[in-house]
Colleague: 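Here's a structure for you.
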Amino acid sequence: MTCQTYSLLVLSVIMIYFGRFGNSLILAQLQDDIDQLKADFNSSHSDVAEGGPIFTDKLINWTERNEKRIILSQIVSMYLEMLEKTPKEKVHARHIFEELYTLKESLPDGLQKVKDLMDLSKLQMSDLRIQRKAANELFSVLQKLVETPTSLKRKRSQSQRRCKC
């Protein structure tokens with residue numbers, strides 16, 4: 001599978017995942033628009049396959065629905081950025097842009113979450129001050145980690161006990 005096919009696949013997954021095909025989007029028209037866009041970018045060029053896909057392999061690691069919405073939000077933003085620079089007379093590009101923009105409105109703003117992850121990755125854990133702060137927050141972090149599954153489990157078991165069906 002070439003990178004252009006991956007791009008079509010990612011775009012299709014994004015559109016289907018958020019249910020736009022059932023509303024107003026005609027998949028065949030979008031596919032035609034994407035084919036024209038691929039021609040505009042000369043995506044059949046040999047360098048497209050180098051290094052593998054840029055989006056679809058990222059989706060593999062994101063399994064939960066809310067997780068996928070975060071990464072898909074970022075991917076849609078990148079497509080919008082790419083399409084924003086296309087000439088206005090390219091109707092197919094405008095159509096894709098409009099559909100993606102509509103999808104973007106229904107997605108959570110994952111940018112803050114991405115920034116949070118980037119900030120965490122930049123922390124210098126060898127810094128004594130950072131280590132002190134981390135030690136100070138350890139109990140609270142563990143409490144958050146433990147409370148979510150336990151409280152959900154407890155709520156489910158309590159509701160099962162109440163129901164005498």
Colleague: To the nearest 0.5 Å, what is the distance between NE2 on H45 and CD on E50?
Modeller: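 Nearest 0.5 Å value for the NE2-CD distance: 9.0 Å.
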Colleague: Answer yes or no: is there a side-chain heavy-atom contact under 4.5 Å between F41 and M82?
Modeller: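 Side-chain contact under 4.5 Å: yes.
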Colleague: So how far is it from K122 NZ to L120 CG, rounded to the nearest 0.5 Å?
Modeller: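 K122 atom NZ to L120 atom CG measures 11.0 Å (nearest 0.5 Å).
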Colleague: Can you find a pair of side-chain heavy atoms, one from L72 and one from L103, that are under 4.5 Å apart?
Modeller: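 Not in contact.
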Colleague: With a 4.5 Å cut-off on side-chain heavy atoms, are D33 and V91 touching?
Modeller: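 A side-chain contact under 4.5 Å is absent here.
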Colleague: Does atom NZ (K113) have a neighbourhood of more than 12 heavy atoms from anything else shown, all under 6.0 Å?
Modeller: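 Result for NZ/K113: open.
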Colleague: Between atom CG of D35 and atom CG of L30, what is the distance when rounded to the nearest 0.5 Å?
Modeller: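 It comes to 9.5 Å.
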Colleague: Give, for atom NZ of K104 and atom CZ of F97, the distance between the pair rounded to the nearest 0.5 Å.
Modeller: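 The distance works out to 11.5 Å.
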Colleague: Show which side-chain atoms of residues 130-140 pair as donor or acceptor with protein atoms under 3.5 Å away, not counting sequence neighbours.
Modeller:
unit_1	atom_1	unit_2	atom_2	d
Q131	NE2	M125	O	2.8

Colleague: With a 3.5 Å cut-off and no angle check, do the side chains of K38 and S44 form a donor-acceptor pair?
Modeller: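 There is no such pair (donor and acceptor under 3.5 Å, judged by atom type) between the side chains of K38 and S44.
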Colleague: Once salt bridge (Lys or Arg N to Asp or Glu O under 4.0 Å) is applied, what residue pairs with a partner in residues 70-96 remain, sequence neighbours excluded?
Modeller: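 Found D40-K90.
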Colleague: Give a yes or no answer on whether the side chain of T56 reaches the backbone of P53 with a donor-acceptor pair at less than 3.5 Å.
Modeller: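 Answer holds: no.
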Colleague: Run the side-chain contact (heavy atoms from CB on, under 4.5 Å) check on M78 and F55 step by step: do they pass?
Modeller: CA-CA 10 Å; M78 295 174 92; F55 294 132; 3.8 Å; yes
Colleague: Would you give the length of the straight line joining atom NE2 of H95 to atom CG of L83, rounded to the nearest 0.5 angstrom?
Modeller: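 Spacing of NE2 (H95) from CG (L83) equals 12.0 Å.
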Colleague: Could you check if a side-chain atom of N61 sits within less than 4.5 angstrom of a side-chain atom of I71, using non-hydrogen atoms only?
Modeller: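 With C-beta onward as the side chain, the pair stays apart.
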Colleague: Search all heavy atoms of V48 against all heavy atoms of S43 and return the closest pair with its distance.
Modeller: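 Taking V48 first and S43 second, the nearest heavy atoms are CG2-O, 3.2 Å.
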Colleague: If you link I, L, V, M, F, W and Y whenever their side-chain heavy atoms are under 4.5 Å apart, who else ends up in the same group as I60?
Modeller: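 Grouped by the 4.5 Å side-chain rule, I60 forms a cluster of one, so the answer is none.
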Colleague: Does one hydrophobic cluster hold both Y101 and Y79, with members joined at side-chain heavy-atom distances below 4.5 Å?
Modeller: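 Yes, one cluster joins them.
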Colleague: In the single-linkage hydrophobic clustering (I, L, V, M, F, W, Y; side-chain heavy atoms under 4.5 Å), do L59 and V114 co-cluster?
Modeller: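 Hydrophobic grouping puts L59 apart from V114.
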